[in-house]
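Data first, discussion second: the structure below is written as structure tokens.
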Amino acid sequence: MNADLPAGAWPWLHDLARWIGSWLWFLVFRLHLHDRDRVPRTGPVVVVANHSAFVDGPLLFGLFRRRAVFWVKQEMFVGPLGWVLRRLGQVPVRRGTADRTPLTAGLAVLRGGGLVAIFPEGTRGTGDVTAVQQGAAWLARTSGAVVVPVVCRGTRRPDGARRRFRPRVDVMVGEPVTIPAGGGRAGLAAATEAVRAELAAAVRELDTRRSS
């Protein structure tokens with residue numbers, strides 16, 4: 001049994017897909033990675049990432065140098081794609097409803113020393129992180145995992161723009177942080193805001209790097 005993947009995952013398939021992802025996106029994009037070594041190679045980690053394009057998840061999957069369990073919207077888990085996602089160890093999430101299943105699955109992975117990756121904005125947007133959901137903060141506080149902000153810029157095609165050939169894409173990893181403890185709803189709300197603030201600050205830092 002592999003404690004860093006959910007039950008039902010096939011570790012060999014996960015590792016093969018991650019290896020393909022580790023080089024494939026360098027062919028698709030002019031990919032620039034910043035501070036990738038900030039992702040701890042061992043131990044429980046909650047990665048929180050901004051989300052502005054469908055490709056963000058597949059892109060990040062191959063770049064962490066360790067197994068990564070992503071929360072993926074429930075609608076993707078249909079037909080052959082759903083079968084593959086489950087074998088890869090990815091976790092379905094029902095958006096807009098109270099669902100403890102991904103929390104339970106994520107907590108098990110973290111307690112096994114694994115990495116769980118979440119787009120806490122809940123849906124695709126501009127990627128500026130003006131609001132986030134509480135799941136990532138809850139997982140970090142409950143498991144004691146560190147939180148690592150990861151931001152992508154360049155994956156989202158500007159409105160009205162034509163399809164681009166090998167656009168420049170930047171991925172930056174922020175410093176690992178420990179989310180403040182505190183009981184009850186107020187403590188969770190404070191932890192959620194801390195997650196949002198860290199991720200939004202990382203977005204601003206990457207924007208500054210890209211413009212300099």
Side-chain angles (χ1 to χ4, degrees), residues 1-9 11 14 18 38-51 56-58 60-61 63-74 76-77 85-86 88-124 127 129-152 173-203:
M1 181 177 179
N2 292 268
D4 58 352
L5 291 175
H14 181 105
R18 193 163 49 84
R38 288 175 173 172
V39 178
R41 301 296 291 271
T42 60
V45 174
V46 175
V47 163
V48 291
N50 68 330
H51 198 19
D56 293 337
L60 295 180
F61 179 76
L63 300 182
F64 291 145
R65 294 176 173 164
R66 59 180 293 185
R67 290 173 177 171
V69 175
F70 277 77
W71 282 7
V72 180
K73 64 180 180 180
Q74 176 72 42
M76 299 294 294
F77 286 78
L85 288 172
R86 292 185 187 278
L88 291 177
Q90 310 311 287
V91 175
V93 177
R94 296 187 184 93
R95 297 179 297 178
T97 62
D99 184 6
R100 294 194 63 85
T101 302
L103 293 173
T104 302
L107 191 57
V109 169
L110 293 170
R111 287 176 172 167
L115 182 152
V116 175
I118 298 173
F119 297 106
E121 293 168 286
T123 188
R124 295 193 300 272
V129 198
T130 57
V132 299
Q133 306 296 314
Q134 295 182 333
W138 185 91
L139 281 179
R141 292 200 323 153
T142 304
S143 66
V146 297
V147 172
V148 177
V150 176
V151 294
C152 303
V173 179
E175 291 283 0
V177 296
T178 300
I179 296 303
R185 293 183 178 179
L188 181 57
T192 300
E193 173 55 23
V195 167
R196 190 207 65 78
E198 290 288 343
L199 190 53
V203 170

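Since the model is a prediction, treat every value here as computed from it, not as a measurement.
None of H14, R111, R67 except one satisfies the side chain to side chain donor-acceptor pair (under 3.5 Å) rule with D4; the exception is R67. Each of L115, L60, V91 was scored for a side chain to side chain contact (heavy atoms under 4.5 Å, CB included) with F70, with one residue passing: L60.
Remark: side-chain polar atoms of N50 are not paired, donor with acceptor, to backbone N or O of A200 under 3.5 angstrom. Of the possible donor and acceptor atoms, none in the side chain of Q133 sits under 3.5 Å from a partner among the backbone N and O of P120.
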request  = Walk me through it: do V46 and W138 pass the test side chain to side chain contact (heavy atoms under 4.5 Å, CB included)?
outcome  = CA-CA 10 Å; V46 175; W138 185 91; over 6 Å; no
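Here the CG atom belonging to L63 is positioned 10.5 Å from the CZ atom belonging to R18, to the nearest 0.5 angstrom. Taking CZ of R124 as the start and NZ of K73 as the end, the distance is 5.0 Å to the nearest 0.5 Å. To the nearest 0.5 Å, atoms CG (L139) and CD1 (I179) are separated by 11.5 Å. Considering CG of L5 and CD of Q90, their distance stands at 8.5 Å, rounded to 0.5 Å.
Residues P40 and V146 come closest through the heavy atom pair CG-CG2, 4.3 Å. The nearest pair of heavy atoms linking P6 to V69 is CD-CG2, 3.7 Å. Across all non-hydrogen atoms, the minimal contact from L199 to P149 is CD1-CB, 3.9 Å. Nearest approach of G89 to A9, heavy atoms of both residues: CA-CB, 3.6 Å. In plain terms, the two heavy atoms of V93 and P102 that are nearest each other are CG2-CB, 3.8 Å. The two atoms that bring S143 and L107 nearest to each other are CB-CD1, 3.7 Å, heavy atoms only.
Within the 4.5 Å cutoff, the side chain of L85 has heavy atoms near those of the M76 side chain. Within the 4.5 Å cutoff, side-chain heavy atoms of R66 are placed close to those of V45. The shortest distance between side-chain heavy atoms of V148 and F64 does not fall below 4.5 Å. For the pair P92 and R86, the minimum side-chain heavy-atom distance is below 4.5 Å.
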